[in-house]
Enquirer: 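Below is a structure I'd like to ask you about.
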Amino acid sequence: MTIQWFPGHMNSARKKAAETMASIDVVIELLDARMPEASTNPLVRELRLQRQRPCLKVLNKADLADPVATRAWIDHYNRQHGVRAVALSCRKPGDATRLPMLCQALAPHRNDNVKPLRMLIMGVPNVGKSTLMNVLFKRKIAKVGDEPAVTRQQQTSQLDVRHTITDMPGLMWARIDHPSDGLMLAASNAIGRNAMIDEEVAGFLAGLLLARYPALLASRYGWPATELAKLDAVDVIERIATRRGLRLRGGGADLDKAAKVLLQDYRDGLLGRISLETPATRRLMLAREAAQDASPQAAGGEQQQSGSQPRGSVPETRSDD
């Protein structure tokens, strides 16, 4: 399943972000700690590099992520120029209040009452930007909802005499290049429901959990751990339907409802602390996709040598970013 989602209002938000980038000092990029790179919008990197703005990467929802994977991501990002990374939960006031101080270290020239530090919060939909704003300001200044694209307008607020914060609407990019990124975003509720099929997204999630976190599946749904080796992703969803008594009118398993149960349990953290990707699995995914892209090229070359293509034709070539 290939997932693409780019609502119309995001195009205007993208243009506004480019304008705002000229007048801020530090970008706070909120990522989902369970899938940091999949939730990284390439537009954010492009815009901040154009303006040479430093970036604080905030791996939000760290309390839901595998701590070993999160540590690996923090080390990965802290090796990048102009970037500092931190893992936290924006729902916790003690975590959120650290961010202005961390941003200040990235822009030491903005350290007095004359020149307040100007911060810009960016990230994909439903990653926690509005929650962060409300916790920082200790009042509800941004609408929060358990669905993507709740915030539609940019707003700037004065945190104190030395800090201002601009909150951008959640931004996607026009084309998701890697299918697994779309599935991870959908599983984590960053994609509009009209752009995804719950059963297919849940199947992807179930397969990943069987491979990496089988004990958490067994614990959540009361299955003997010895049985998991015999199951595939479809079996997992079918067994959830049976376990929860989710039946269609004719008596068959209601796989759609079972898929929703699995997705919601993951989103709420009821399965345990789970990361959908690590730096190592990310490298493997990119290598696998590069190999798949190369296969048609090789096949095209063989066809040309065998005379199945017209003489003088050039096999199509592609580059992988």
Side-chain angles (χ1 to χ4, degrees), residues 5 7-17 19-21 23-36 39-41 44 55-65 86-104 107 110 113 116-172 185-186 188-194 263-270:
W5 186 60
H9 75 275
M10 289 188 184
N11 194 42
S12 58
R14 178 174 59 180
K15 295 177 181 177
K16 186 65 176 176
E19 296 172 3
T20 304
M21 192 69 67
S23 58
I24 60 96
D25 302 301
V26 178
V27 175
I28 300 176
E29 183 181 12
L30 254 65
L31 308 175
D32 189 320
R34 299 166 295 181
M35 45 161 200
S39 60
T40 296
N41 188 334
V44 175
C55 179
L56 178 67
K57 286 183 179 284
V58 177
L59 278 63
N60 189 29
K61 307 181 183 180
D63 53 328
L64 303 180
V86 61
L88 48 76
S89 171
C90 287
R91 293 181 180 275
K92 299 178 181 179
D95 283 359
T97 53
R98 296 166 53 200
L99 297 186
M101 177 186 65
L102 293 172
C103 289
Q104 191 73 69
R110 292 279 182 175
N113 296 344
L117 180 68
R118 302 162 300 179
M119 298 167 283
L120 173 63
I121 300 177
M122 302 184 74
V124 299
N126 210 27
V127 76
K129 298 182 302 300
S130 295
T131 297
L132 172 59
M133 290 288 287
N134 292 341
V135 171
L136 281 174
F137 285 87
K138 300 178 182 179
R139 64 183 188 275
K140 188 174 181 179
I141 65 170
K143 185 178 179 182
V144 177
D146 187 23
E147 59 180 325
V150 171
T151 302
R152 295 295 185 96
Q153 298 293 329
Q154 174 180 300
Q155 66 172 6
T156 299
S157 305
Q158 187 85 25
L159 180 61
D160 54 44
V161 70
R162 296 175 62 178
H163 302 95
T164 63
I165 300 181
T166 299
D167 179 27
M168 290 291 304
L171 278 177
M172 289 297 295
L185 288 163
S188 302
N189 206 22
I191 298 288
R193 294 191 57 82
N194 61 338
L263 291 173
Q264 199 61 50
D265 282 354
Y266 159 71
R267 292 165 181 170
D268 293 341
L270 299 178

Enquirer: After noting the C-alpha distance and the side-chain angles of L30 and C90, does the key distance pass the side chain to side chain contact (heavy atoms under 4.5 Å, CB included) rule?
Expert: CA-CA 10 Å; L30 254 65; C90 287; 4.2 Å; yes
Enquirer: I would like to know whether M172 and L185 meet side chain to side chain contact (heavy atoms under 4.5 Å, CB included); could you show each step before the answer?
Expert: CA-CA 10 Å; M172 289 297 295; L185 288 163; 3.8 Å; yes
Enquirer: Search all heavy atoms of Q104 against all heavy atoms of H163 and return the closest pair with its distance.
Expert: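 In this case the closest contact between Q104 and H163 is OE1-NE2, 3.6 Å.
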Enquirer: Pair V44, L171 - check side chain to side chain contact (heavy atoms under 4.5 Å, CB included), show working.
Expert: CA-CA 9 Å; V44 175; L171 278 177; 5.7 Å; no
Enquirer: Looking at K129 and P169, what are the two nearest heavy atoms and their distance?
Expert: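 Minimum heavy-atom separation between K129 and P169: CE-C, 3.9 Å.
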Enquirer: Provide the closest heavy-atom pair for N126 versus A190 in the form atom of the first, atom of the second, distance.
Expert: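 In this case the closest contact between N126 and A190 is CB-CA, 4.5 Å.
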Enquirer: Where is the tightest heavy-atom contact between I191 and A186, given as atom of each residue plus distance?
Expert: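 For I191 and A186, the tightest heavy-atom pair comes out as CG1-N, 3.6 Å.
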Enquirer: Heavy-atom distance under 4.5 Å between the side chains of I28 and L120, does that happen here?
Expert: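 No, every pair of side-chain atoms sits at 4.5 Å or beyond.
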Enquirer: How long is the span from the CE atom in M119 to the OG1 atom in T156, to the nearest 0.5 Å?
Expert: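 Output value for this atom pair is 11.0 Å.
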Enquirer: side-chain contact (heavy atoms from CB on, under 4.5 Å) with L56: which residues, sequence neighbours excluded?
Expert: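 For L56 the side-chain contact (heavy atoms from CB on, under 4.5 Å) partners, ignoring immediate neighbours, are V58, R84, V86, L99, L102, C103, L106.
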Enquirer: Do M133 and I121 make a side-chain contact, defined as non-hydrogen atoms from C-beta onward lying under 4.5 Å apart?
Expert: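 Contact flag for M133/I121 side chains = yes.
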Enquirer: Please name all residues satisfying salt bridge (Lys or Arg N to Asp or Glu O under 4.0 Å) with K57, sequence neighbours left out, ordered by chain then number.
Expert: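 K57 satisfies salt bridge (Lys or Arg N to Asp or Glu O under 4.0 Å) with E29 only.
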Enquirer: Between R118 (side chain) and S23 (backbone), is there a donor-acceptor pair under 3.5 Å?
Expert: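 Present.
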Enquirer: Checking R110 now: which residues fulfil salt bridge (Lys or Arg N to Asp or Glu O under 4.0 Å) with it, not counting sequence neighbours?
Expert: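 Salt bridge (Lys or Arg N to Asp or Glu O under 4.0 Å) list for R110, sorted by chain: D25.
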Enquirer: Taking all heavy atoms of S39 and all of D32, pick out the closest pair and write down the distance.
Expert: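 Heavy-atom minimum between the residues: OG-N, 3.0 Å.
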Enquirer: Roughly how far, to the nearest 0.5 Å, is the CZ atom of R91 from the CG atom of L132?
Expert: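 Rounded to the nearest 0.5 Å, the CG-CZ separation comes to 11.5 Å.
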Enquirer: Could you tell me which residues satisfy side-chain contact (heavy atoms from CB on, under 4.5 Å) with T97, sequence neighbours excluded, listed by chain and number?
Expert: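 Per chain and number, T97 pairs via side-chain contact (heavy atoms from CB on, under 4.5 Å) with no residue.
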Enquirer: Please report the interatomic distance CG(L64) to CG(L270), rounded to the nearest 0.5 Å.
Expert: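 It is 9.5 Å, given to the nearest 0.5 Å.
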Enquirer: Just to verify, what does V135 make a side-chain contact (heavy atoms from CB on, under 4.5 Å) with, not counting sequence neighbours?
Expert: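 Partners of V135 by the side-chain contact (heavy atoms from CB on, under 4.5 Å) criterion, ordered by chain and then number, come out as P93, A96, T131.
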Enquirer: Kindly write out the residues that satisfy salt bridge (Lys or Arg N to Asp or Glu O under 4.0 Å) with D95, not counting sequence neighbours, or none if the list is empty.
Expert: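 Salt bridge (Lys or Arg N to Asp or Glu O under 4.0 Å) list for D95, sorted by chain: empty.
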Enquirer: Just how far is it from atom CG of N60 to atom NZ of K92, taken to the nearest 0.5 Å?
Expert: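 Output value for this atom pair is 10.5 Å.
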Enquirer: I need the minimum non-hydrogen distance between L159 and F137, along with the two atoms involved.
Expert: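 Residues L159 and F137, closest heavy atoms: CA-CE2, 3.4 Å.
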Enquirer: Please determine which of D167, T166, T20 meets the side chain to side chain donor-acceptor pair (under 3.5 Å) test together with Q154.
Expert: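 By the side chain to side chain donor-acceptor pair (under 3.5 Å) criterion, Q154 pairs with just one of D167, T166, T20: T20.
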